[in-house]
There are 2 protein chains.
Amino acid sequence: MKRSKKILFQEFIARKGLKSTRQRGTVLESFLSSDNHMSTEDLYLKVREKNPNIGYATVYRTLKLFAEAGIAREIHFGDGQTRYEHVAEGEHHDHLICTRCGAVTEFENETIERLQSEIAGQFGFVVEKHKLELYGICPKCRK
Amino acid sequence: MKRSKKILFQEFIARKGLKSTRQRGTVLESFLSSDNHMSTEDLYLKVREKNPNIGYATVYRTLKLFAEAGIAREIHFGDGQTRYEHVAEGEHHDHLICTRCGAVTEFENETIERLQSEIAGQFGFVVEKHKLELYGICPKCRK
DNA sequence: CCTCAGTTGAAAATGATTATCAATTTAACC
DNA sequence: GGTTAAATTGATAATCATTTTCAACTGAGG
Ligand SMILES: [Mn+2]
Ligand SMILES: [Mn+2]
Ligand SMILES: [Zn+2]
Ligand SMILES: [Zn+2]
């Protein structure tokens, strides 16, 4: 059974000698209960609904911790804002982004993944991570 | 025979009712004679070698025009700086980026391209463009 | 030449993110 | 519980890349 994100984060906090604070708890709850691919600002607004005293800097800092702890991942869709997505352990996916409405669809394709390492190998590279994003018009926006 | 970039840009300028200026010519020459994937700042420095009076804003503006004219393409490798690459008409490639030294290798793979449209099609999307970047350690940096 | 829309460079403005720092809080120890 | 050192926080200033402003200038057609 996989440990919950809350526990994973607690473990991370302990391992690093950091402290468990009310603010971090609030940001984590907001993040866990939010849609995927939320921008930092959107998360900040959600956090403020629970506790209007939490500052912007704290949200920025905490989201970075989530990424470091492996429960979130930063993504950049080229709109100038960092977004965060939920990380399901052992899973990976890529993105289809509608250039009109911004809708994001996730997909995975084993063949593409395999080809990627193959290609990298041909150049003597060892792939650490990759980014595959398909931009286009979604079915809804097309009609 | 493919028209040279200079001519393509002239045509773009004319079509849009813009003007042909000394500055634009200088920026274009700098761009054409530069390495691929140069950052705006690097291009700006090259431009200043030829004409120290050209301002930062002009370089920014002109590079955007190149992209609009189809002779350059903006790329973002996640280091917070926009880069520009040369567009060879009818060609497409993706990137392998060394996370240690920043070296960029280009590659193309027909199978991956085909799979991409296939996948997008399954979701009812029509792909306009895509971004595939493989990040890893290059052979040089590995030893 | 004239005219005028387009262009330019300097400087100010923007927008997202990060750094600073004094005040506050946590967690370990007595 | 009280003590303390280290970590955290929030407000604010600072960064940094990029964009906007705007007055002065210039290209191109008439
Ligand atoms: Mn995702
Ligand atoms: Mn390239
Ligand atoms: Zn859409
Ligand atoms: Zn390298």
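Being a predicted model, the structure only gives us computed values, none of them experimental. Chain naming here is simple, since letters A, B, ... match the order of the sequence lines and numbering starts at 1 in each.
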Charged N-O contact under 4.0 Å between B:K50 and B:E29: yes
Atom-pair distance (CD on B:Q23; P on C:dG6), nearest Å: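 Those two atoms, CD and P, are 17 Å apart.
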A:N51 CG - C:dT24 C1' separation (whole Å):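 After rounding, the gap between these two atoms is 14 Å.
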Close aromatic pair by centroid cut-off 6.0 Å: A:Y84 and A:F31: no
Under 3.5 Å side-chain donor-acceptor pair for B:S33 and B:K46: yes
Would you give the length of the straight line joining atom [atom1] of [X] to atom [atom2] of [Y], rounded to the nearest 0.5 angstrom?
X	Y	atom1	atom2	value
B:H37	B:F77	NE2	CZ	5.0 Å
A:N36	A:R83	CG	CZ	11.0 Å
A:E118	B:N109	CD	CG	8.0 Å

Those residues of residues 64-87 of chain A lying under 4.0 Å from DNA chain C by at least one heavy atom: A:K64, A:G80, A:Q81, A:T82
For DNA chain C, the residues among residues 25-44 of chain B that have a non-hydrogen atom under 4.0 Å from it: none
Check whether any side-chain heavy atom of [X] lies under 4.5 Å from a side-chain heavy atom of [Y], and answer yes or no.
X	Y	result
A:H130	A:E113	yes
B:L18	B:L65	yes
B:T26	B:T62	no
B:K19	B:I13	no

For [X] and [Y], which heavy atoms make the closest approach, and how far apart are they?
X	Y	answer
B:L96	A:A120	CD2-CB, 4.1 Å
A:L132	A:D94	O-CB, 3.4 Å
B:Y44	B:I54	CE1-O, 3.7 Å

Write down the protein N/O and nucleotide N/O pairs, taken from nucleotides 10-14 of chain C, whose separation is under 3.5 Å; answer none if there are no such pairs.
none

Give each protein N/O atom lying under 3.5 Å from an N/O atom of nucleotides 27-30 of chain C, with the pair distance.
residue : atom : partner : partner atom : Å
C:dA27  : OP1  : A:S20   : N            : 3.1

Hphob cluster co-occupancy, A:Y135 + B:V127, side-chain heavy atoms under 4.5 angstrom: no
Covered region of DNA chain D, 5' end to 3' end, by chain B [heavy atoms, under 4.0 Å]: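 The protein-touched segment is D:dA17 to D:dA28.
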Phosphate OP1/OP2 of C:dT18: any A:Y60 side-chain N/O under 4.0 Å: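 Checking A:Y60 against C:dT18: no side-chain N or O falls below 4.0 Å of OP1 or OP2.
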Contacts of type salt bridge (charged side-chain N to carboxylate O under 4.0 Å, His left out), residue A:E85, not counting sequence neighbours: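 If we apply the salt bridge (charged side-chain N to carboxylate O under 4.0 Å, His left out) test to A:E85, skipping adjacent residues, the hits are A:R73.
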